[in-house]
> 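Structure in structure tokens, see below.
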There are 2 protein chains.
Amino acid sequence: MALEHAILVSLLEKPGSGYELARRFERSIGYFWTATHQQIYRVLKRMEGDGLLAVRALEQQSRPDKKEYSVVGPGRAALSQWLHEPIEPESIRHELAVKIRGAAFDDPSLLIREVERHRQAHSDRLAHYLAGELRDFTGPEAPTPLDAGQELQHVVLRGGIAYERMTIAWLDDVLATLRRLGTPHPRP
Amino acid sequence: MALEHAILVSLLEKPGSGYELARRFERSIGYFWTATHQQIYRVLKRMEGDGLLAVRALEQQSRPDKKEYSVVGPGRAALSQWLHEPIEPESIRHELAVKIRGAAFDDPSLLIREVERHRQAHSDRLAHYLAGELRDFTGPEAPTPLDAGQELQHVVLRGGIAYERMTIAWLDDVLATLRRLGTPHPRP
DNA sequence: TCCTCATATGCAACTCGTTGCATAGCCAAG
DNA sequence: CTTGGCTATGCAACGAGTTGCATATGAGGA
């Protein structure tokens, strides 16, 4: 249940409400873990029941009240324990790759538009990551020197950047392959 | 439900039993989609019930009998329909990245062994992929010219290779960062 | 002979994750 | 003044995925 741990990390970095967590999962934390608001609310409730989190009701003006969650002792201990346990290297789940291999049983050229769309999405994500890197870590507004937490956030973001660059290059390879298959193959 | 589609692709490439599919999901198909045998058996049963697959009981000597599944008309149509529908670009789930960011609230240097272990696993996987590429696509034993299906399998495998190379380089970056944080930071 | 390993299939119970829906306050635009 | 949008929380139902267990055949080795 890595969602629990992702929530602990995020709340340790900064306490917040379920709604705010959901927004973070669309941005920074979401670079490497995703969750919908329903899932987050459900898990927050369970974690509070387990004594890992504390809640504080915050009354707000000009918007609905919210519940601010923060990590308490046992939550920190649970994170620490998890950090000491080994985890299995990730296994990939790439639906587009299934489609590409499936295209052999259909018309491969029909996939070109789809792959171009994915390339665009990854290209947008890369631009977003690079803007965040400049803003938070490498630009003139960024704090210097970075503390350990910021260094670690930065190296994770560099991973996201590397992933998007690799993916874009691969999708170009896929597009070239699909286009080559669409035209008659020249024989020597 | 991409598992269904991954199974359709795999069975179109070659009919087989649940057990054989489970083995493929540890190898070639497993490069981009994973599944356990329990999941596979359950889904195969459902797909057969839905008329997407046909079964044939095969009696074997020196090992238990098996059921060989193959794709029939409606299954092929279901795959074709799915290929024509757009899918969302993948969202990443990277547990190790959660750990790295969480290490800020513990001792970062404790993660070094863990990251080294992951690096080794990815390195092994890369070697495995490269051996497969040589065997099936680029070596002297490989068929020439490749047909469309093989070209598409190859480009997916190139994606796996690119992913592993990128990941190894990133893990080296992570290790360098963890080691830097472990030693006192030199001030200008 | 007994044990282990590989093949082969499956149930049951559980957790994780998604989708659709519902509610409610407040603001700004039309 | 109604509509749409953003903040904020939540339920219910379902499907996806994991874990543990159970069963059976036959080969090979201790």
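To find a chain, count down the sequence lines: A is the first, B the second, and so on, and within it residues start at 1. All values reported here derive from a predicted model rather than from experimental measurement.
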> Measure the distance from CD on A:Gln38 to P on C:dG17 and round it to the nearest whole Å.
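It is 13 Å, rounded to the nearest whole Å.
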> Between B:Lys66 and B:Ser91, who's closer to the 5' end of DNA chain C by nearest nucleotide?
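That would be B:Lys66.
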> Think B:Arg23 has a side-chain N or O under 4.0 angstrom from the OP1 or OP2 of C:dA8?
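Negative; the distance criterion is not met.
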> Counting only side-chain N and O atoms of A:Arg93, is one of them less than 4.0 Å from OP1 or OP2 of D:dA16?
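Checking A:Arg93 against D:dA16: no side-chain N or O falls below 4.0 Å of OP1 or OP2.
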> Specify the separation, in whole Å, of atom CD of B:Glu88 and atom C1' of C:dT18.
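B:Glu88 atom CD is separated from C:dT18 atom C1' by 13 Å.
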> If I take atom CD1 in residue B:Ile40 and atom C1' in nucleotide D:dA16, what distance separates them, rounded to the nearest angstrom?
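Atom CD1 in B:Ile40 sits about 14 Å away from atom C1' in D:dA16.
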> Look only at the side chain of A:His154 and the backbone of A:Thr138, and say whether a donor-acceptor pair between them is shorter than 3.5 Å.
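No.
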> Whether the side chain of B:Asp50 engages the backbone of B:Leu52 through a donor-acceptor N/O pair (distance < 3.5 Å, no angle test) should be reported.
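No; judged by distance alone, with no hydrogens or angles, the pair does not exist.
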> Charged N to carboxylate O below 4.0 Å: is that the case for B:Lys45 and B:Glu4?
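Result for this pair is no, no salt bridge flagged.
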> Considering just the side-chain nitrogens and oxygens of B:Thr36, establish if one lies under 4.0 Å of OP1 or OP2 belonging to D:dT19.
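It does not, given that no N or O in the side chain of B:Thr36 lies less than 4.0 Å from OP1 or OP2 of D:dT19.
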> Could you tell me how far apart A:Arg42 (CZ) and C:dG17 (C1') are, to the nearest whole angstrom?
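The answer, rounded to whole Å, is 7 Å.
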> What is the distance, to the nearest angstrom, from the CG atom on B:Leu21 to the P atom on C:dT7?
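From B:Leu21 CG to C:dT7 P: 15 Å.
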> So does B:Tyr41 get a side-chain nitrogen or oxygen closer than 4.0 Å to the phosphate oxygens (OP1/OP2) of C:dG10?
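No, because none of the side-chain N or O atoms of B:Tyr41 sits under 4.0 Å from OP1 or OP2 of C:dG10.
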> For B:Arg24 and C:dT7, what is the distance between atoms CZ and P respectively, to the nearest whole Å?
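In whole Å, C:dT7 P and B:Arg24 CZ are 14 Å from each other.
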> Can you tell me if the side-chain N/O atoms of A:Tyr19 get under 4.0 Å from OP1 or OP2 in D:dT9?
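Looking at the OP1 and OP2 atoms of D:dT9, neither is under 4.0 Å from any side-chain N or O of A:Tyr19.
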> Could you give me the CA-CA distance, side-chain angles and deciding distance for A:Trp170 and A:His94, then say whether ring-ring contact (aromatic ring centres under 6.0 Å, His included) is met?
CA-CA 13 Å; A:Trp170 175 60; A:His94 208 300; 5.7 Å; yes
> Does C:dG10 have OP1 or OP2 sitting under 4.0 Å from an N or O in the side chain of B:Lys45?
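For C:dG10, OP1/OP2 do have a side-chain N/O of B:Lys45 under 4.0 Å.
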> Within less than 4.0 Å of OP1 or OP2 of C:dC5, is there a side-chain N or O belonging to B:Arg63?
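So the side chain of B:Arg63 is outside the cut-off, no N or O lying under 4.0 Å from OP1 or OP2 of C:dC5.
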> With a 4.0 Å cut-off, would you call A:Glu90 and B:Arg93 a salt bridge?
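Looking at A:Glu90 and B:Arg93, the cut-off is not met.
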> Rounded to the nearest Å, what distance is computed from the CG atom of residue A:Asp65 to the P atom of nucleotide D:dC6?
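After rounding, the reported distance stands at 21 Å.
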> Does B:Gln39 make a side-chain donor-acceptor contact with the base of D:dG15, cut-off 3.5 Å?
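By the distance-only test, no, there is no pair.
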